[in-house]
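In this text, all values refer to a predicted model and were calculated from it rather than measured experimentally. For the numbers below, each heavy atom of this structure counts, side chains included, while hydrogens, waters and symmetry mates do not. Naming: A, B, ... by sequence-line order, numbering from 1 per chain.
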Amino acid sequence: MHAFKYHRPGSVKDAAALVGKNADAKLLGGGQTLVQTMKLRLASPTDVVDLGTIKELAGIKVAGGTVEVGAMTRHAAVAGSAEVKKAIPALAALAGMIGDRQVREMGTIGGSIANSDPAADYPAAVLGLGATIITDKRKIEADKFFTGMFETALQPGEIITAVSFPVPKRAAYMKFKNPASRFAIVGVFVAETGNGIRVAVTGAGPNAFRVPEMEKALGAKFAPESVAKVKVKADDLNSDLHASAEYRAHLVTVMAKRAVEAAMK
Amino acid sequence: MSVKVSMKVNGKPVSAEVEERTLLVTLIREHLRLTGTHVGCDTAQCGACTVQMNGNVVKSCSMLAMQAEGADVRTIESVAAADGTLHPMQAAFKEHHGLQCGFCTPGMVMNAIDFAKKNPGASEHEVREALEGNLCRCTGYHNIVKAIMAGSKAMAGAK
């Protein structure tokens, strides 16, 4: 790891001041991606701004039909929250499927979505539930947030403070995971929300995306057979040593079917 | 540039002057000379570096020492009694041959103790899931799972 200067700001405002001036600064959430990336020298920030001690960034609030998760809330806290389990069980279950026990104690929702790893789990829930990403500057709709592989709508220096999830009527997440890394080879989040059906896919493409054909079919009839015949094109999907694009395309349909089945239970 | 980092390790307050990029595992092994915590893959997969921080298990190779400022850190060295009597989980690993080369064992035991405390009466399937972040290249896991089932029972009985 290259040397850097470490900062521990006490507030979001102080953190913003530290990153705002410096294009080579990085925000540190739980560090489960960033620390490893720095060790590999794929990232070499001059300054690391640790958000770990900013109290206002961690915590879960359930009120008025939404679940608001602070950016620094650890995956284990979401997975184990009785309130989240009651309001959006699929969200708690998804958080409990990320990485392993140790990673879930450090990893944060803000870090996960800001990174927009193509195989991360949280983007599927954010997009699948039509969440709102709250930053220190504005609110961003999930549909406008994930813009590419490791790319989001965040501006340089902008800090995610929380993610607000509307409580759906029903939802489920199904993940076909890489048995070694536990990342999603394909994960599909299906939700019946107040604004209609949403189907979001992670792991398959450069970033999380929705499948409008499946949403339309499920809108007509919310049943596994509605998505069984909907295939996504393999053209733009990821291909690597774990799975070809064609296999991932196939898995999208299979996981969507399973997610609908699970949501109906 | 070096900075001062302070925390409690195995109940004792410690301070060290470290480089800002120092990992928690480096602080534990090289500054504090507590070499029971191992570095295996160094990429957050194998869990040999597992320690307890503020009552939860974390991978000490995947975090900066600075992230543990003020924390209560416990390593494998704190697990057995002062007179050398093994912790029930360690005793179970010995009894059930839950190790061969022993490299992964400190991480396995740290994770197992934390899991057993929080999930008494867990099923074999749940134990296997809890071990997702700990790799063993010798045993095939079967005896580790047996050991954790027995150690968990012994811990519940010892209360």
Side-chain angles (χ1 to χ4, degrees), chain A residues 1-10 26-54 58 72 74-77 79-80 93 96-108 111 175 177-183, chain B residues 1-5 18-26 37 39 41-71 107-108 110-119 122 126-135:
Chain A
M1 200 186 305
H2 286 293
F4 55 83
K5 193 158 170 34
Y6 173 88
H7 306 269
R8 191 183 289 131
K26 276 268 182 210
L27 293 165
L28 176 65
Q32 299 305 284
T33 299
L34 182 58
V35 171
Q36 293 303 336
T37 315
M38 284 162 54
K39 280 160 76 171
L40 292 167
R41 297 188 173 179
L42 294 171
S44 300
T46 57
D47 293 72
V48 170
V49 179
D50 188 354
L51 303 176
T53 51
I54 304 179
M72 282 299 291
R74 316 282 168 175
H75 307 327
M97 283 184 227
I98 300 172
D100 52 57
R101 295 188 78 224
Q102 294 97 314
V103 166
R104 291 194 290 273
E105 291 294 351
M106 286 301 286
T108 64
K175 165 178 173 178
K177 65 184 177 184
N178 178 325
S181 73
R182 281 87 65 181
F183 271 108
Chain B
M1 213 180 82
S2 78
V3 283
K4 191 180 164 188
V5 63
V18 298
E19 271 195 86
E20 292 162 297
R21 58 182 162 175
T22 303
L23 297 169
L24 179 60
V25 72
T26 312
T37 304
V39 180
C41 67
D42 208 14
T43 56
Q45 298 178 61
C46 83
C49 65
T50 299
V51 299
Q52 210 186 71
M53 183 173 81
N54 298 333
N56 298 312
V57 281
V58 296
K59 292 182 173 175
S60 62
C61 85
S62 293
M63 55 183 289
L64 304 172
M66 296 303 281
Q67 286 177 277
E69 171 73 26
M108 288 281 179
M110 292 310 286
N111 187 16
I113 291 173
D114 179 67
F115 174 75
K117 260 189 214 158
K118 293 174 184 169
N119 304 276
E126 288 165 327
V127 169
R128 286 184 184 274
E129 273 195 343
L131 289 178
E132 284 207 325
N134 292 79
L135 299 182

Name the member of M66(B), Q45(B), K59(B) that forms the most heavy-atom pairs with chain A at distances under 4.5 Å.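 Option with the top pair count is M66(B).
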For chain A, which of R21(B), E129(B), E19(B) has the most heavy-atom pairs under 4.5 Å?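 Sorted descending by pairs with chain A, the first entry is R21(B).
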Does E20(B) have any side-chain contact (heavy atoms from CB on, under 4.5 Å) partners at least two apart in sequence or in another chain, and if so, which?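 Counting only residues at least two positions away or on another chain, E20(B) forms a side-chain contact (heavy atoms from CB on, under 4.5 Å) with F4(A), K5(A), Y6(A), M1(B), V3(B).
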Listed by chain and number, what are the side-chain contact (heavy atoms from CB on, under 4.5 Å) partners of A77(A), not counting sequence neighbours?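 By the side-chain contact (heavy atoms from CB on, under 4.5 Å) rule, A77(A) matches T73(A).
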Please determine whether a side-chain nitrogen of the Lys or Arg among E132(B) and R104(A) lies less than 4.0 Å from a carboxylate oxygen of the Asp or Glu.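 The answer is no: the pair does not qualify as a salt bridge.
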Do L64(B) and D50(A) come close enough that some side-chain heavy atom pair is under 4.5 Å?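 Contact flag for L64(B)/D50(A) side chains = no.
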In the structure I gave you, are the side-chain heavy atoms of R101(A) and T50(B) within less than 4.5 Å of one another anywhere?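 Result no, sub-4.5 Å side-chain heavy-atom pair not found.
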Which residues in residues 31-40 of chain A have a heavy atom less than 4.5 Å from any heavy atom of chain B?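 From residues 31-40 of chain A, the residues near chain B are G31(A), Q32(A), V35(A), Q36(A), K39(A).
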Side chain from CB out, backbone as N, CA, C, O: work out which of these in L23(B) comes under 4.5 Å of a heavy atom of chain A, or both, or neither.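 Looking at L23(B), just its side chain touches chain A.
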Just how far is it from atom [atom1] of [X] to atom [atom2] of [Y], taken to the nearest 0.5 Å?
X: Q102(A); Y: M63(B); atom1: CD; atom2: CE; value: 12.5 Å
X: E105(A); Y: N54(B); atom1: CD; atom2: CG; value: 10.0 Å
X: E69(B); Y: T53(A); atom1: CD; atom2: OG1; value: 9.5 Å

Can you tell which part of R74(A) gets under 4.5 Å to a heavy atom of chain B, answering side chain, backbone, both or neither?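 Looking at R74(A), nothing touches chain B.
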Got a sec, which residues hit side-chain hydrogen bond (donor to acceptor under 3.5 Å, both in side chains) with N119(B), two or more places apart in sequence or on another chain?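 Expected list: none.
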